[in-house]
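Read the structure below first, then the notes.
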Amino acid sequence: MSPKESKKFWLMKTEPDVFSFEDLVNAPNRTTHWEGVRNYQARNFMRDSFKKGDQVLIYHSNVDEPAVFGVATVVREGYPDHFALDPKSKYFDSDAKKKGESPWIMVDVQATHRFKTPVTRNQLKNIAKAKTMMVLQRGARLSVQPVSEEHFNLILELGSPSKITK
DNA sequence: GCCAACGTTGGC
DNA sequence: GCCAACGTTGGC
């Protein structure tokens, strides 16, 4: 991939009932493996394009007030999501089990900055420069998506990030 | 809770 | 390969 095509900024959705930004902050070393992505396009981003040091906006979906809560960084690049092979996991994939290997990919991310003010979807919808963000488009279900540097910086300004030091 | 939009599956 | 049926996502 040429440098021009490489992406440095991403957005990842999570349902906070399942795993919230604070869960990430409270995880050992503020780091977790981002398992359970079961969409090919999202997987391909993690497999082919995620690089160490890339920055990721963490977005809460499927809640009353969807919003970006903070920033994480990629600390381990794509590797097989073995939860697909574990019958006890909610992310079990019986086809993968039959083949004996997982076609799914996860990455490790570490929380770096918490927003003093989460940047809400409603807020973004009212900002002209943000309207083209993928996450705001109607029917945009992709759970891992690229974000332009401009949009990333805009959201950082809006969120007043503070570095997490604990 | 509703339902539009989307991705996947499978019959043909 | 088409496309209807189905299951899921996720905003509202």
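Every heavy atom of this structure was used, including side-chain atoms; hydrogens, water molecules and symmetry mates were not. Naming: A, B, ... by sequence-line order, numbering from 1 per chain. Because the structure is predicted, anything quoted here is derived from the model rather than measured.
Asn153(A) is linked by a side chain to side chain contact (heavy atoms under 4.5 Å, CB included) to Glu149(A), counting only residues two or more places apart in sequence or in another chain. Remark: Phe19(A) pairs with no residue by the ring pair (Phe, Tyr, Trp, His ring centres under 6.0 Å) rule, at least two apart or across chains. Partners of Tyr40(A) under the ring pair (Phe, Tyr, Trp, His ring centres under 6.0 Å) rule, at least two apart in sequence or in another chain, are Trp104(A). Applying the salt bridge (Lys or Arg N to Asp or Glu O under 4.0 Å) rule to Glu22(A) yields the partners Arg114(A); only residues at least two apart in sequence or on another chain are considered. In this structure Lys98(A) satisfies the salt bridge (Lys or Arg N to Asp or Glu O under 4.0 Å) test together with Asp95(A), sequence neighbours excluded. Annotation: ring pair (Phe, Tyr, Trp, His ring centres under 6.0 Å) contacts of Phe21(A) (sequence neighbours excluded): none. Listed by chain and residue number, nothing satisfies the salt bridge (Lys or Arg N to Asp or Glu O under 4.0 Å) test with Arg76(A) (two or more places apart in sequence, or in another chain). In terms of the side chain to side chain contact (heavy atoms under 4.5 Å, CB included) criterion, residue partners of Phe92(A) (sequence neighbours excluded) are, by chain and number, Pro87(A), Ser94(A), Lys97(A).
Each salt bridge (charged side-chain N to carboxylate O under 4.0 Å, His left out) pair with one or both residues in residues 61-70 of chain A, not counting sequence neighbours, would appear here, but there are none.
Checking each of Val56(A), Thr31(A), Val25(A), Leu24(A) against Gln110(A) for a side-chain contact (heavy atoms from CB on, under 4.5 Å) leaves exactly one that passes, namely Thr31(A).
Positionally, the nearest nucleotide of DNA chain B for Asn62(A) lies more toward the 5' end than for the other of Asn62(A) and Asn39(A). Along DNA chain B, the nucleotide closest to Arg138(A) and the one closest to Arg38(A) are compared, and the more 5′ of them pairs with Arg138(A).
Of all the residues in residues 120-136 of chain A, not one reaches under 4.0 Å from DNA chain B with any non-hydrogen atom. Near DNA chain C, defined here as any heavy-atom distance below 4.0 Å, there are no residues from residues 78-103 of chain A.
Taking a heavy-atom distance under 4.0 Å as the criterion, the stretch of DNA chain C touched by chain A extends 5' to 3' from dG7(C) to dC12(C).
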